[in-house]
Amino acid sequence: MEKRKMIIIDIDYITNNDKAVVRLFGKTKGEKEGQHIIALDETFEPYLYVQPKGDIEKCIDQIEEKIEPKNIVKVEMKDFQIKKQFLKVFFNHPQDVPQKRDTLRGLECVSNIREHDIPFYRRYLIDNDLFPMGVVEVEGELIDSYPTITSEDKSLEIMKLNHSPKMVDNSYQSFSILSFDLEVYNPKGMPDSSKDEIIMIGAASNTGIAKVISTKGEDLDFVETVPTEKDMIESFVNLIKENNFDIIVGYNSDNFDFPYLRDRAKILGVDLDLGMDGSSLKFLRRGYTNAATLKGLIHVDLYLVMRRYMNLDRYTLERVYLELFGEEKIDVPGDKIYQYWDSDSEPLNQLFDYSLDDTVSTLKIAEQTLPINLELTRVVGQPFFDITRMATGQQAEWYLVRKAFEIDEIVPNKPTGQEFRNRKHASNVGGYVKEPEVGLHENLVQFDFRSLYPSLIISKNISPDVLYREDGSLDNIATDIGSVDEEDYYISPEHHYMFKKFPIGFIPSVIGNVLDERVRIKAKMKKSTDYTERMMFDVQQQALKRLANTMYGVYGYSRFRWYSFECAQAITAWGRENIKNAMKYAENYGFYAIYADTDGFYCKYRPDGLTEEDLKARRE
DNA sequence: CAGAAACGGGG
DNA sequence: GTGTACGTTTCTG
């Protein structure tokens with residue numbers, strides 16, 4: 001039996017002898033540091049929850065008869081904080097869950113099924129308290145080969161685990177990043193991969209690589225010149241294989257660079273077997289688009305990340321780079337690339353500079369923006385690949401799913417198609433806005449609330465599990481309006497929604513913990529004397545701030561499992577009330593707001609008690 | 001006017 | 001694959 005410490009880079013499962021086997025792709029820490037390792041866990045079983053109706057024993061019999069599950073266990077779980085009996089139904093294979101859940105839902109003894117749509121690898125991470133990009137300890141037998149693993153990498157270790165891994169370190173780790181960028185011959189506008197060849201492959205890494213692979217450019221020191229396009233691709237593949245990178249980044253590489261590389265490699269007969277297990281480049285269908293994936297080498301498309309990271313009118317590489325670093329990039333007009341390539345003189349050299357510059361810029365953007373995404377991975381606990389492609393609402397949701405598991409709360413189901421459409425129609429009123437008074441103002445005083453919405457969620461206990469409902473569906477809250485003591489509730493302005501003061505709602509308690517943790521990290525940051533450590537704490541606290549701020553908007557996000565239009569309305573209504581009260585309070589001291597938006601305002605000192613409007617009226 | 005379709009990024 | 005983006009703008013009937 002052997003022990004290893006490894007960083008979990010990636011996770012999936014495969015089927016071996018009709019059983020699901022979880023594969024953890026990682027690199028070793030400590031002993032044999034930096035080597036690739038694949039850990040195999042055959043011990044985890046898929047399951048869902050059934051909310052039974054009527055006699056529970058009869059229900060167990062009926063389920064056993066109809067769907068022949070692996071096992072059924074009676075469990076007590078909290079559903080919106082109310083303890084209930086559920087049946088935890090185990091299956092032989094993850095794919096049995098979607099196959100059998102409709103039958104299960106249709107049984108007369110089944111009132112509802114829950115947690116039936118949580119992907120197997122996510123369930124594995126949550127239930128075993130594992131966080132990707134953190135260090136785990138694994139224990140088991142080292143084996144020479146395993147089905148589905150075809151890598152020829154001699155230093156790759158394959159370990160069959162005796163039990164699930166244990167998290168030993170979820171602190172910041174550093175990762176090697178490769179950025180790449182293709183330039184393509186394009187005489188007819190956008191290139192056609194069946195005809196137009198790749199002319200340059202740029203590669204830059206945070207380990208010191210900065211080069212362009214091409215069939216031209218012999219006299220340039222950063223260019224590796226090879227005879228053919230096929231050699232270019234092979235050289236690029238070898239570069240990746242030899243360097244054990246953790247992360248590969250591109251700009252719009254899901255939609256351009258990787259599909260193009262795949263098409264050209266196929267035509268030229270080059271294997272793109274870049275996966276840690278020896279598997280090839282694959283494309284995952286994600287909605288209407290594809291995501292390029294390599295097993296154990298995380299592909300991040302920075303275009304997707306940047307769209308969430310900053311708010312711009314456009315997200316071209318040039319625009320994003322200018323915004324982040326305040327510098328213009330070298331520019332070659334896209335439709336002229338083939339002319340530069342054909343020129344064989346100064347324009348050709350400019351094209352090489354451009355290729356390298358695009359690649360290096362992409363790397364710089366990655367170094368700037370990936371740390372916060374790595375932090376979110378460490379907090380949310382889902383794979384880095386997924387985090388970089390998730391909407392922030394989804395990040396918040398998976399964080400909550402994990403938190404729910406920790407306290408035996410059963411997770412609400414995702415909305416059905418119809419529920420989703422209904423939610424789309426609901427439109428909430430936003431924050432209070434006072435249009436700015438036109439003119440040049442001097443001596444302004446600024447006021448703003450710190451994290452207004454997250455604070456309101458906590459202070460007013462805004463959460464769907466403590467919201468009074470007339471139908472009595474939450475029987476720990478109240479049975480009928482007659483038994484309600486208003487003293488026990490926070491009542492929202494305008495709509496008069498009632499949130500019970502105790503117990504603390506699930507979401508307020510989670511946000512509270514996030515904000516408390518942020519305060520602790522900010523304190524550590526202040527104390528620290530080491531610059532790098534301070535920067536690390538700063539990224540951590542920023543990630544937590546992002547998560548807390550996401551959580552208020554998410555009540556109105558129509559795919560959200562904890563969606564609550566009432567909560568969304570109550571938050572903004574209380575927000576409007578608060579800012580208006582603050583403005584009124586300021587007026588008592590002679591400060592008049594000339595502009596206000598949601599959580600803050602600017603005001604002018606006018607001891608004579610006249611507002612700008614009064615003065616304007618007087619002038620007219 | 002509402003619902004469908006296209007678009008973004010990339011060369 | 002315990003799956004199927006997303007929000008906005010432009011087009012079309």
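Proteins come first, then strands; the chains are lettered A, B, ... in the order of their sequence lines, and each starts at number 1. These values consider heavy atoms only, across backbone and side chains, with no hydrogens, waters or symmetry-generated copies. As the structure is a computational prediction, the values presented were derived from the model and not from experiment.
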* Report yes if a side-chain nitrogen or oxygen of Lys282(A) is closer than 4.0 Å to either non-bridging phosphate oxygen (OP1 or OP2) of dG1(C); otherwise report no. => no
* Look at Lys336(A) and dG11(B) and indicate whether a side-chain polar atom (N or O) is within less than 4.0 Å of OP1 or OP2. => no
* **Distance in angstrom units between Arg307(A) CZ and dG8(B) P, rounded** => 11 Å
* To do: Would you indicate what Glu183(A) reaches in the nucleic acid, counting non-hydrogen atoms under 4.0 angstrom: base, sugar-phosphate, or nothing?
  => sugar-phosphate
* **Under-4.0 Å side-chain N/O to phosphate OP1/OP2 contact, Arg101(A) with dG3(C)** => yes
* To do: Under 4.0 Å between any heavy atoms, over every strand shown, what does Lys414(A) touch: base, sugar-phosphate, or nothing? Just pick one.
  => sugar-phosphate
* Quantified in whole Å, what is the C1' atom distance between nucleotide dG9(B) and nucleotide dC6(C)? -> 15 Å
* What is the nucleic acid contact for Ile118(A), judged by heavy atoms within less than 4.0 Å: base, sugar-phosphate only, or nothing? -> base
* Test item: Tyr315(A) and Tyr251(A) side chains (from C-beta on) under 4.5 Å apart, heavy atoms -> yes
* Asked: Contact class for Asn255(A) (heavy atom, under 4.0 Å): base, sugar-phosphate, or nothing?
  -> nothing
* So what does Arg122(A) hit on the nucleic acid, given a heavy-atom distance under 4.0 Å: a base, only sugar-phosphate, or nothing? -> nothing
* To do: Examine distances only and state if a side-chain atom of Arg308(A) and a backbone atom of Thr388(A) form a donor-acceptor pair shorter than 3.5 Å.
  => yes
* Does a nitrogen or oxygen in the side chain of Tyr124(A) sit under 4.0 Å from OP1 or OP2 of dT2(C)? -> no
* **dC6(C) phosphate, OP1 or OP2, under 4.0 Å from Arg286(A) side-chain N/O** => no
* To do: Would you mind classifying the nucleic acid contact of Asp358(A) as base, sugar-phosphate or nothing, using non-hydrogen atoms under 4.0 angstrom?
  => sugar-phosphate
* Asked: What is the distance, rounded to the nearest whole Å, between atom CG of Asp313(A) and atom P of dG7(C)?
  -> 19 Å
* **Whole-Å distance separating the CG atom of Leu317(A) from the C1' atom of dG9(B)** => 10 Å
* Asked: Between Asp357(A) and Ile330(A), is there a donor-acceptor pair closer than 3.5 Å when you use the side chain of the first and the backbone of the second?
  -> yes
* Same-atom distance (C1') from dA5(C) to dG8(B), integer angstrom -> 12 Å
* Tell me what Arg319(A) touches on the nucleic acid: a base, only sugar-phosphate, or nothing, going by heavy atoms under 4.0 Å. => nothing
* So what does Gly250(A) hit on the nucleic acid, given a heavy-atom distance under 4.0 Å: a base, only sugar-phosphate, or nothing? -> nothing
* Asked: Between atom CZ in Phe256(A) and atom P in dG10(B), what is the gap in whole Å?
  -> 10 Å
* Asked: What does Asp335(A) touch in the nucleic acid at a heavy-atom separation under 4.0 angstrom: a base, only the sugar-phosphate, or nothing?
  -> base
* Just call it for Leu48(A): base, sugar-phosphate, or nothing, with non-hydrogen atoms closer than 4.0 Å on any strand. => nothing
* Asked: If only side-chain N and O atoms of Tyr354(A) are considered, is one of them under 4.0 Å from the OP1 or OP2 phosphate oxygen of dG11(B)?
  -> yes
* Which is true for Tyr315(A) with a 4.0 Å heavy-atom rule: it touches a base, it touches only sugar-phosphate, or it touches nothing? -> sugar-phosphate
* Is there a donor-acceptor pair under 3.5 Å between the side chain of Gln395(A) and the backbone N or O of Ile387(A)? -> yes
* Looking at every strand, decide which applies to Leu182(A) at a 4.0 Å heavy-atom threshold: base, sugar-phosphate, or nothing. => sugar-phosphate
* To do: With heavy atoms under 4.0 Å as the rule, sort Tyr251(A) into base, sugar-phosphate or nothing.
  => sugar-phosphate
* Structure fact -> Among dT2(C), dG11(B), dG9(B), the one nearest any side-chain atom of Tyr13(A) is dT2(C)
* Asked: Ignoring hydrogens and angles, are the base of dG3(C) and the side chain of Arg285(A) linked by a donor-acceptor pair under 3.5 Å?
  -> no
* Charged N to carboxylate O under 4.0 angstrom, Asp277(A) versus Lys295(A)? -> no
